Amino acid sequence: MTSSSLLFLWLSLLLRYQIWLQLLWLGPASQAQQGTQPQSIKIEGDITLGGLFPVHARGPAGIPCGEIKREKGIHRLEALLYALDQINNDPDLLPNITLGARILDTCSRDTYALEQSLTFVQALIQKDNSDVRCSNGEPPIIPKPERVVGVIGASGSSVSIMVANVLRLFAIPQISYASTAPELSDNSRYEFFSRVVPPDSYQAQAMLDIVKAMGWNYVSTLASEGNYGESGVDAFIQISREAGGLCIAQSIKIPREPRPGEFDKIVKRLMETSNARGVIIFANEDDIKRVLQAAKRANLTGHFLFVGSDSWGAKSSPIEDQEEVAEGAVTILPKRASIDGFDEYFTSRSLENNRRNIWFAEFWEDDFKCKLTRPGIKYDPDRRKCTGEERISQDSQYEQEGKVQFVIDAVYAMAHALHSMHMDLCPGSMGVCEKMDPVEGRMLLQYIRSVNFNGSAGTAVMFNENGDAPGRYDIFQYQMSNVSNPGYRVIGQWTNHLRLNLEDMQWSGGEQKVPDSVCSFPCESGERKKMVKGVPCCWHCELCDGYQFVLDEFTCDMCPFDMRPLKNRTGCRPTPIIKLEWSSPWAIIPVFLAILGILATTGVISTFVRFNDTPIVRASGRELSYVLLTGIFLIYLITFLMIAEPSVVVCAFRRLLLGLGMCISYSAMLTKTNRIYRIFEQGKKSVTPPKFISPTSQLLITFILISVQLLGVFVWFGVEPPHTTIDYEEQKPPNPEFARGILKCDMSDLSLILCLSYSILLMITCTVYAIKSRGVPETFNEAKPIGFTMYTTCIIWLAFVPIFFGTAQSTEKMFIQTTTLTVSMSLSATVSLGMLYIPKVYVIIFHPEQNVQKRKRSFKAVVQAATVSTRLTVNPAL
């Protein structure tokens with residue numbers, strides 16, 4: 001058996017028990033009791049509606065009902081009666097059909113309301129009365145109970161939930177005017193429930209939109225224990241989780257019966273996450289007030305930024321004497337309007353013209369603080385006697401209760417649904433036709449969900465598929481500073497989307513800028529977020545250092561090798577390309593030396609050409625001298641190629657001439673020293689001159705040595721054609737602002753050394769021969785000048801190696817190495833030029849008298865003189 005069947009059986013038994021009690025106790029005493037404690041209002045009509053109102057407050061333990069509720073009870077009940085009068089007097093709405101009502105008091109208690117609402121389903125339960133007899137043995141005469149087609153109510157969500165479970169079993173539609181719990185939107189559980197007020201889920205959505213509009217992403221929630229507070233906060237948390245971008249720092253529940261000091265503990269807990277200044281509060285008025293008092297005691301005035309639900313709304317009671325703490329609070333309230341017609345109606349009510357409201361006399365006593373003489377009620381001498389001439393709003397304070405508009409709209413929604421149903425089922429019929437007797441509940445529900453009319457406040461009344469009304473809210477802020485009259489000010493509204501006037505908002509101290517309620521502040525430019533595990537709104541900011549840029553808010557990434565980060569590290573920019581400029585100090589010195597060398601070399605060559613047939617020129621070996629001078633000239637020339645802007649042509653000439661100049665020079669000097677060495681070594685053995693000492697042979701030997709260098713260079717050209725490259729690693733210091741790409745030829749340090757290695761080999765070999773020929777007299781050719789030249793050259797290149805390779809890690813590597821190389825080559829060329837040719841030029845130009853032919857000596861005489869000189873050098877004591 002299903003739970004619905006069990007509940008239906010239980011209700012049948014309960015009704016039978018109620019009827020038996022009524023028959024058993026039927027009598028004058030029972031009638032008197034019903035007169036003194038009336039349970040319902042009956043308004044006759046062709047179609048009867050049910051009404052559920054909290055006419056009385058919840059009673060103390062053991063007593064269902066307490067004191068009368070003037071606004072939420074009587075005002076709302078009278079709104080239903082007012083709406084019935086308006087509808088019944090409207091010729092266009094339900095013509096010739098009178099709406100009646102059965103109105104019950106829920107006493108603000110869900111269990112009591114359930115018991116009362118059984119009245120609505122009596123007519124729908126088949127009752128077996130065969131075993132019931134009167135005292136005289138006759139069968140009882142039981143009047144047929146009225147059939148309620150729909151129910152207006154209830155007020156509290158917990159009451160509506162309880163009643164909706166019963167009405168659903170009997171297919172009785174229900175329209176609430178005040179229940180806002182989100183769970184009532186569950187159409188599978190509460191399919192016959194509708195409401196003209198928006199659910200708290202809309203309110204939660206509106207509050208979430210407000211929080212996001214203010215730029216907050218880290219808030220706490222406070223909820224009064226119970227259906228309203230807990231379901232409201234649950235809806236807010238659920239919607240915020242689905243929307244993303246908002247984190248709940250803490251979700252705190254206020255107990256129904258808080259202990260002493262409970263609210264101080266709540267404020268202390270809120271301060272554990274002090275960055276979450278925004279506090280979303282779904283709480284009753286008393287709890288709101290006590291939270292504000294606790295914040296004031298903790299000296300936290302102005303710290304918390306409250307966003308309150310409609311239970312706070314625009315009420316003054318929660319913030320009384322706590323205005324400074326509440327300053328800046330943003331609250332929300334369903335959009336509503338005061339119904340002028342109801343004010344006229346209600347203020348004209350009196351004991352004489354409002355006898356249909358069985359609780360009106362009790363309201364009268366409470367409203368005017370007087371006492372009526374009623375049967376069974378003991379007179380209280382401490383209270384004045386009511387005259388009956390008192391007038392509402394004149395002799396008492398009156399302000400229309402906020403939900404009056406919604407009560408009227410709920411009654412009209414039911415009336416419009418019945419009107420449409422009547423038009424479809426009873427066309428042209430006067431009154432209720434057979435098809436509407438009885439009214440089928442499920443069909444009426446479809447008509448209710450289809451209504452669309454302008455309500456009492458001029459706004460559209462309609463329902464969605466879940467029976468919810470559209471969300472319409474006014475947004476208030478409590479302001480004190482810069483306002484002549486401190487109080488709530490409308491700063492926006494929400495109707496499915498938010499319209500918030502941020503410029504109208506004011507905060508503590510008159511500040512107009514919206515305060516922050518964030519876990520972590522935005523990272524600075526060039527920083528990434530390192531998220532705190534489990535809290536998506538909290539992070540630490542880390543700088544993207546080195547050559548990293550911010551790829552996205554969570555990631556740093558390396559710039560491409562040829563780029564460097566922007567100053568704000570939001571992207572990458574091309575690394576500047578540099579080369580050795582002519583104006584650079586690194587270039588000026590080598591160029592200056594090279595120019596001097598070229599001028600000097602040109603001068604020597606010119607002198608030799610002019611005095612080509614003179615003895616000094618001829619004695620120096622004209623052919624090899626011109627070859628050697630050409631090599632020196634090329635050594636000076638390579639400086640300009642090393643400093644020139646790299647290109648394919650420049651790189652090709654660098655490869656060709658870098659080692660060629662030195663190769664030519666040292667090949668010529670090696671040939672000379674080798675010739676001298678062979679002559680004197682041969683002279684020690686015989687008087688026959690050695691082979692290949694003629695000028696032609698010398699030139700041939702020199703060119704063979706040079707061809708080895710040329711062959712190596714051309715092989716290099718074939719294996720790896722010359723090209724330019726940009727080196728981004730050489731000048732890549734830790735600070736990317738100083739990073740540069742260097743335009744250079746494709747010559748690595750290794751290839752450069754290999755290019756010079758052959759020339760260095762020639763230089764070393766030449767030095768060896770120079771050492772071996774050191775004993776030759778100064779008068780014999782150029783053996784000793786060549787020796788001194790090679791010694792000095794070796795010293796220069798020995799100093800070059802540590803300087804060149806010792807700067808490999810320097811950011812100025814290219815400039816230092818280029819300068820070191822060119823200066824070393826220019827110095828070695830200058831040494832050769834200075835020691836071998838400058839003395840000859842000096843004699844040719846300034847002492848031409850010495851440039852004369854000397855007596856020729858035979859090869860034998862030359863050898864003998866050299867031998868004697870050698871012996872004297874070896875044994876100077878002889």
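Predicted model, so just to flag it, every value in this text is computed and none were measured. Because only heavy atoms are used, hydrogens play no part in the values below, and waters and symmetry mates are left out as well, while side chains stay in. Sequential numbering from 1 along the given sequence is applied to the chain's residues.
Residues passing the side-chain hydrogen bond (donor to acceptor under 3.5 Å, both in side chains) test with H847 are Y842, E849, sequence neighbours excluded. Partners of K529 under the side-chain hydrogen bond (donor to acceptor under 3.5 Å, both in side chains) rule, at least two apart in sequence or in another chain, are E553. Here T614 pairs with N851 under the side-chain hydrogen bond (donor to acceptor under 3.5 Å, both in side chains) rule; sequence neighbours left out. The side-chain contact (heavy atoms from CB on, under 4.5 Å) check on N275 picks up Y218, with sequence neighbours excluded. Take L827 and apply the side-chain contact (heavy atoms from CB on, under 4.5 Å) test, not counting sequence neighbours, and it matches I796, V823. Partners of T671 under the side-chain contact (heavy atoms from CB on, under 4.5 Å) rule, at least two apart in sequence or in another chain, are L624, Q698, I701, T702, L705. The side-chain contact (heavy atoms from CB on, under 4.5 Å) test applied to I795 returns no partner, not counting sequence neighbours. In this structure T221 satisfies the side-chain hydrogen bond (donor to acceptor under 3.5 Å, both in side chains) test together with S251, sequence neighbours excluded.
Evaluation of the ring pair (Phe, Tyr, Trp, His ring centres under 6.0 Å) test over residues 608-639, restricted to residues two or more places apart or in two chains, returns F608-Y837. The disulfide bond (SG atoms under 2.5 Å apart) analysis of residues 558-599, with sequence neighbours excluded, yields the pairs C559-C572. Pairs passing the salt bridge (charged side-chain N to carboxylate O under 4.0 Å, His left out) check and including a residue from residues 514-523, sequence neighbours excluded, do not occur. Among residues at least two apart or in separate chains, ring pair (Phe, Tyr, Trp, His ring centres under 6.0 Å) pairs with a member in residues 512-568 are F561-Y728.
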**Request:** Begin with the C-alpha distance, continue with both residues' side-chain angles, and end with the deciding distance and a verdict on side-chain contact (heavy atoms from CB on, under 4.5 Å) for Q731 and I578.
**Result:** CA-CA 10 Å; Q731 282 203 21; I578 62 169; 3.7 Å; yes
**Asked** Checking side-chain contact (heavy atoms from CB on, under 4.5 Å) for the pair I280/V307: CA distance, chi angles, key distance, verdict?
**Response** CA-CA 5 Å; I280 311 304; V307 178; 3.7 Å; yes
**Item:** From CA spacing to verdict: side-chain contact (heavy atoms from CB on, under 4.5 Å), E720, H723
**Value:** CA-CA 9 Å; E720 187 180 1; H723 61 275; 3.8 Å; yes
**Message:** Does C519 form a disulfide bond (SG atoms under 2.5 Å apart) with C538? I'd like the steps, not just the answer.
**Reply:** CA-CA 5 Å; C519 181; C538 300; 1.8 Å; yes
**Prompt:** Please walk me through it: do C537 and V518 pass side-chain contact (heavy atoms from CB on, under 4.5 Å)?
**Reply:** CA-CA 8 Å; C537 298; V518 295; over 6 Å; no
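With hydrogens and angles ignored, the 3.5 Å screen pairs no side-chain donor or acceptor of T724 with any backbone N or O of P646. Not one N or O on the side chain of R528 forms a donor-acceptor pair closer than 3.5 Å with the backbone of T555. No donor-acceptor pair closer than 3.5 Å links the side chain of T819 to the backbone N or O of I816. Side-chain atoms of S508 never come within 3.5 Å of backbone atoms of G302 as a donor-acceptor pair (strictly under, hydrogens ignored). Side-chain N or O atoms of R569 include none that pairs as donor or acceptor with a backbone N or O of E527 at under 3.5 Å. Here the side chain of T818 pairs no donor or acceptor atom with the backbone of F815 at under 3.5 angstrom. Of the possible polar contacts, none joining the T789 side chain to the M835 backbone as a donor-acceptor pair under 3.5 Å is found. Remark: side-chain polar atoms of W586 are not paired, donor with acceptor, to backbone N or O of Q817 under 3.5 angstrom. With R654 contributing its side chain and L641 its backbone, the two residues share a donor-acceptor pair below 3.5 Å. The backbone N or O of I664 lies less than 3.5 Å from no partner atom in the side chain of S667, so there is not a single donor-acceptor pair.
Among all heavy-atom pairs drawn from P565 and R573, the shortest one is O-NE, 3.1 Å. For the residue pair S665 and G631, the shortest heavy atom distance occurs at OG-C, 3.2 Å.
Atom CD in Q506 sits 10.5 Å away from atom CD1 in I491 (nearest 0.5 Å). A distance of 9.0 Å separates CG of L656 from SG of C755, quoted to the nearest 0.5 Å. Note that the OG1 atom of T601 and the CG atom of L596 stand 10.5 Å from one another [nearest 0.5 Å]. Between the SG atom in C544 and the CG atom in N568 there is a gap of 11.0 Å [rounded to 0.5 Å].
In this structure, the side chains of Q512 and M505 stay at 4.5 Å or more apart for every pair of heavy atoms. Residues T822 and I638 form no side-chain contact, since every pair of their non-hydrogen atoms from C-beta on lies 4.5 Å or further apart. Inter-residue side-chain proximity for T575 and D562 is flagged as unmet; no heavy-atom pair is nearer than 4.5 Å. Side-chain contact between M825 and T639: absent, with no pair of heavy atoms (C-beta onward) separated by less than 4.5 Å. Looking at D209 and Q205, their side chains come closer than 4.5 Å, going by heavy atoms from C-beta outward. At a threshold of 4.5 Å between non-hydrogen side-chain atoms, the residues P615 and R618 do not count as touching. Contact check for L660 versus I706: side-chain heavy atoms found under the 4.5 Å cut-off. Taking the side chain as every heavy atom from C-beta outward, D727 and T725 never approach each other to under 4.5 Å.
Within 6.0 Å of CD1 on I589 lie no more than 12 heavy atoms contributed by other residues, nucleotides or ligands. In R499, the CZ atom is crowded: over 12 heavy atoms of neighbouring residues, nucleotides or ligands sit closer than 6.0 Å. Other residues, nucleotides and ligands place more than 12 heavy atoms under 6.0 Å from the CZ atom of F640. Within 6.0 Å of CD in E737 there are more than 12 heavy atoms belonging to other residues, nucleotides or ligands.
A salt bridge is defined here as a Lys NZ or Arg NE, NH1 or NH2 lying under 4.0 Å from an Asp or Glu carboxylate O, and K732 with E729 meets this definition.
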